[in-house]
Peer 1: 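Please find one structure pasted underneath; my questions will follow.
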Amino acid sequence: MLLPAPALRRALLSRPWTGAGLRWKHTSSLKVANEPVLAFTQGSPERDALQKALKDLKGRMEAIPCVVGDEEVWTSDVQYQVSPFNHGHKVAKFCYADKSLLNKAIEAALAARKEWDLKPIADRAQIFLKAADMLSGPRRAEILAKTMVGQGKTVIQAEIDAAAELIDFFRFNAKYAVELEGQQPISVPPSTNSTVYRGLEGFVAAISPFNFTAIGGNLAGAPALMHLQTPVEAGGPEPGPVPHLPTPGWRVRRKELPLRAPLGRRGERGERDPPLSLRVRWPEVFRVLASLRAALAVAADQRAAAGGAQSDQSGRQDFGTFFSAVIDAKSFARIKKWLEHARSSPSLTILAGGKCDDSVGYFVEPCIVESKDPQEPIMKEEIFGPVLSVYVYPDDKYKETLQLVDSTTSYGLTGAVFSQDKDVVQEATKVLRNAAGNFYINDKSTGSIVGQQPFGGARASGTNDKPGGPHYILRWTSPQVIKETHKPLGDWSYAYMQ
């Protein structure tokens, strides 16, 4: 009797199987769910806690040293981070790591790896589950407040990033790591085969973004789960946390990071979405709102943090604002140049916004730019700010426009198509198959959720490792297959020789 697929699966999972040619090992899975995104409505406990945490940070400056093992270290290269919406407020004093400190951190990581790699994956997973519980409960308001003040994010963007997404990364990575250990090869008597999911040899340099709390935590957290040590506060073993080494990117490019040991790296980087292809026959307000929210509220938040702030230009805490400042002076200057280009180019027209002011904070007015030329640089280059570039294609050139979308930019992260016509959607999905690692139909092209839409793109956007999905953890392992034979070989000759 041939069972239907669901019934067959239930039968296989109902008991362990053994027999010639097959050994089935089923490992129970951790049950996790996405962290709820809190609403922060008037009078809610989470809003009261956040307002208190924000008040505690007012005028305060954190001192953040480099950390190697259990040692805090200050170098002579002291720097300051200012609040994006009030650059007169120094929110943090920190220092850049020098070459000798990088070497020291590498040696500490290599020494700690040996013991950590032998620790059962289930034990390591428990540490990250505990860290997630801490962020979900007693430390939630604190990390939200620091994300808002330090990165200039709104309440909701900080909640989505620093709380919900980071918590999800820790919990789902733990789940996927435990499940990965249960994936074992078949065994044929008289031998058994097994896979050990070792960590990578050498060290991992997690070059995390300074303006995205969840990505920063996951870039260091995922390799640590499979490879290195974890923070002591979350229950990690001595000698201490993952090394914390602030370093400008050019030092890595100039090879001050010594690659004397094997170096694992994640290929994802900043990306620009393929141009949005907006098809008629869908309510205009829906298309426009989705595109505006994606471009002006979140796209900047991915890298330039323009999608965020909790204050107006006076620096006043304001829960009613959509966003305010971009992340820093460099981002402000870059976006300002693009706006100047938009004003001077004969093929570009600013339809809305376009002003900027850095007298108090790094404020850029949301801007919509129409381009008559689909190959105009503003349609192809990364801006990382609240600027939406629009090209209106001829109605009879839809197929050609799809090809244009696929080839205009070298990036391939995320894109969206809006249509109520299933044939249009099917055609766009086919033509844009390689244009976006995350493809959205009748939805904005941002806002992926861990476990639901694993995120990442190929082409110039990275190696499409898909953080937030079950395959990402495998990226940080070096599997070893072990074969053990239980019946020794009794004769050197083969049967055909008899």
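Worth saying up front: this structure is predicted, and the values here are computed from it rather than measured.
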Peer 1: Go through Tyr472 and Asn218 one step at a time and tell me if the side chain to side chain contact (heavy atoms under 4.5 Å, CB included) criterion holds.
Peer 2: CA-CA 11 Å; Tyr472 184 60; Asn218 187 54; 3.5 Å; yes
Peer 1: Can you see which heavy atom on Ser493 is nearest to which on Asp491, and at what distance?
Peer 2: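 Where Ser493 meets Asp491 most closely, the heavy atoms are OG-OD2, 2.9 Å.
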Peer 1: Does the distance from a Lys or Arg side-chain N to an Asp or Glu carboxylate O, for Arg140 and Glu142, drop under 4.0 Å?
Peer 2: no
Peer 1: Supply the atom-to-atom distance Leu245 CG to Tyr96 OH, rounded to the nearest 0.5 angstrom.
Peer 2: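 Rounded to the nearest 0.5 Å, the CG-OH separation comes to 13.0 Å.
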Peer 1: Examine distances only and state if a side-chain atom of Gln453 and a backbone atom of Ile449 form a donor-acceptor pair shorter than 3.5 Å.
Peer 2: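 Checking the backbone N and O of Ile449 against the side chain of Gln453, a donor-acceptor pair under 3.5 Å is found.
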Peer 1: Atom CD of residue position Gln79 - does it have more than 12 heavy atoms of other residues, nucleotides or ligands inside 6.0 Å?
Peer 2: yes
Peer 1: Charged N to carboxylate O below 4.0 Å: is that the case for Lys104 and Glu71?
Peer 2: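 Result for this pair is yes, salt bridge flagged.
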Peer 1: Answer yes or no: is there a side-chain heavy-atom contact under 4.5 Å between Leu402 and Lys430?
Peer 2: no
Peer 1: Any side-chain to backbone donor/acceptor pair from Asn173 onto Ala222? Under 3.5 Å, distance only.
Peer 2: no
Peer 1: If you measure from CZ on Phe384 to CD1 on Ile327, what distance do you get to the nearest 0.5 Å?
Peer 2: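 Between atom CZ of Phe384 and atom CD1 of Ile327 there are 12.5 Å.
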Peer 1: Would a distance-only check, ignoring hydrogens and angles, find a side-chain to backbone donor-acceptor pair under 3.5 Å from Arg124 to Lys119?
Peer 2: yes
Peer 1: Does any non-hydrogen side-chain atom of Pro454 lie less than 4.5 Å from one of Ser448?
Peer 2: no
Peer 1: Quick one: do the Glu35 and Ser136 side chains pair a donor with an acceptor below 3.5 Å?
Peer 2: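 Distance-only check passes for Glu35 and Ser136.
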Peer 1: Please tell me if the side chains of Leu180 and Ile121 come closer than 4.5 Å, counting only heavy atoms from C-beta onward.
Peer 2: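 With C-beta onward as the side chain, the pair stays apart.
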Peer 1: Show the numbers, then the answer: is there a side chain to side chain contact (heavy atoms under 4.5 Å, CB included) between Lys399 and Glu427?
Peer 2: CA-CA 8 Å; Lys399 291 184 178 181; Glu427 183 176 17; 3.0 Å; yes
Peer 1: Ignoring hydrogens, what is the shortest heavy-atom contact between Cys95 and Val73? Give both atom names and the distance.
Peer 2: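 Shortest heavy-atom contact: SG-O, 3.8 Å.
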Peer 1: Under the 3.5 angstrom rule, does the side chain of Glu159 hit a backbone N or O of Leu38 as a donor-acceptor pair?
Peer 2: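 Checking the backbone N and O of Leu38 against the side chain of Glu159, a donor-acceptor pair under 3.5 Å is found.
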Peer 1: Tell me if a side-chain donor or acceptor on Ser410 pairs with a main-chain N or O of Ala460 at a distance below 3.5 Å.
Peer 2: no
Peer 1: Any salt bridge linking Arg198 with Asp117? Criterion: basic side-chain nitrogen under 4.0 Å from a carboxylate oxygen.
Peer 2: no
Peer 1: Do the side chains of Arg60 and Asp56 get close enough for a salt bridge, i.e. N-O under 4.0 angstrom?
Peer 2: no
Peer 1: Classify the side-chain pair Gln183/Thr195 by whether it contains a donor and acceptor separated by less than 3.5 Å.
Peer 2: no
Peer 1: Could you tell me the separation between the CD1 atom of Ile215 and the OG atom of Ser208, rounded to the nearest 0.5 Å?
Peer 2: 9.5 Å
Peer 1: Do you see a donor-acceptor pair shorter than 3.5 Å between the side chains of Lys466 and Asn464?
Peer 2: yes
Peer 1: Could you walk me through whether Leu200 and Trp476 pass the side chain to side chain contact (heavy atoms under 4.5 Å, CB included) check?
Peer 2: CA-CA 6 Å; Leu200 299 174; Trp476 301 109; 3.7 Å; yes
Peer 1: Donor-acceptor pair, distance only, cut-off 3.5 Å: does the side chain of Asn442 make one with the backbone of Ser419?
Peer 2: yes
Peer 1: When you compare the side chain of Val405 with that of Val431, does any pair of heavy atoms fall below 4.5 Å?
Peer 2: no
Peer 1: Spell out, as yes or no, whether a donor-acceptor pair under 3.5 Å connects the side chain of Ser331 to the backbone of Asp328.
Peer 2: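 Such a contact is absent between Ser331 side chain and Asp328 backbone.
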Peer 1: Please determine, by modelled atom types, if Asp465 and Thr463 share a side-chain donor-acceptor pair under 3.5 angstrom.
Peer 2: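 Indeed, the side chains of Asp465 and Thr463 share at least one donor-acceptor pair under 3.5 Å.
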Peer 1: How many angstroms lie between CZ in Phe128 and CG in Leu225, if you round to the nearest 0.5 Å?
Peer 2: 5.0 Å
Peer 1: Any chance you could lay out the side-chain hydrogen bond (donor to acceptor under 3.5 Å, both in side chains) test for Asp98 and Ser100, step after step, and finish with the verdict?
Peer 2: CA-CA 6 Å; Asp98 54 28; Ser100 63; 2.9 Å; yes
Peer 1: Any side-chain heavy atom of Phe94 within less than 4.5 Å of one from Pro65?
Peer 2: no
Peer 1: Please report the shortest heavy-atom distance between Leu129 and Leu30, naming the atom on each side.
Peer 2: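 Scanning both residues, the minimum pair turns out to be CD1-CD1, 4.1 Å.
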Peer 1: I'd like to know if the side chain of Thr192 reaches the main chain of Ser187, judged simply by a donor and an acceptor atom lying under 3.5 Å from each other, with no hydrogens or angles considered.
Peer 2: no
Peer 1: Are any of the side-chain heavy atoms of Val196 and Glu181 separated by less than 4.5 Å?
Peer 2: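 Side chain of Val196 against side chain of Glu181, heavy atoms only: no contact under 4.5 Å found.
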Peer 1: Quick check: does any side chain N or O of Arg139 sit under 3.5 Å from a backbone N or O of Asp133, one acting as donor and the other as acceptor?
Peer 2: no
Peer 1: Dump the intermediate steps for side chain to side chain contact (heavy atoms under 4.5 Å, CB included) on Ile473 and Met226, then the final yes or no.
Peer 2: CA-CA 7 Å; Ile473 288 298; Met226 305 306 295; 3.4 Å; yes
Peer 1: A side-chain contact here means heavy atoms from C-beta on lying under 4.5 Å apart; do Arg334 and Ile383 qualify?
Peer 2: no
Peer 1: Looking at Phe212 and Lys153, what are the two nearest heavy atoms and their distance?
Peer 2: CA-NZ, 3.8 Å
Peer 1: Is it the case that the ring center of Phe170 lies less than 6.0 angstrom away from the ring center of Phe172?
Peer 2: no
Peer 1: Nearest 0.5 Å, what's the OG1-CD distance between Thr213 and Gln157?
Peer 2: 11.5 Å
Peer 1: Of the non-hydrogen atoms in Leu144 and Ala163, which two are nearest, and what is the gap between them?
Peer 2: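 Closest heavy-atom pair between Leu144 and Ala163: CD2-CB, 3.9 Å.
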Peer 1: Is the side chain of Glu165 donor-acceptor paired with the backbone N or O of Ala162 at a distance under 3.5 Å, no angle test?
Peer 2: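 Side chain of Glu165 to backbone of Ala162: no pair is present.
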Peer 1: Any chance the side chains of Ser191 and Thr485 put a donor and an acceptor closer than 3.5 Å?
Peer 2: yes
Peer 1: Check whether any side-chain heavy atom of Ile186 sits under 4.5 Å from a side-chain heavy atom of Asn193, and report yes or no.
Peer 2: no
Peer 1: To the nearest 0.5 Å, how far apart are CG in Asp168 and CD in Gln452?
Peer 2: 8.5 Å
Peer 1: Tell me the closest heavy-atom pair linking Ser461 and Tyr411, and the distance in Å.
Peer 2: OG-CB, 3.4 Å
Peer 1: Are the charged groups of Arg433 and Asp406 less than 4.0 angstrom apart, N to O?
Peer 2: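 Salt bridge: no.
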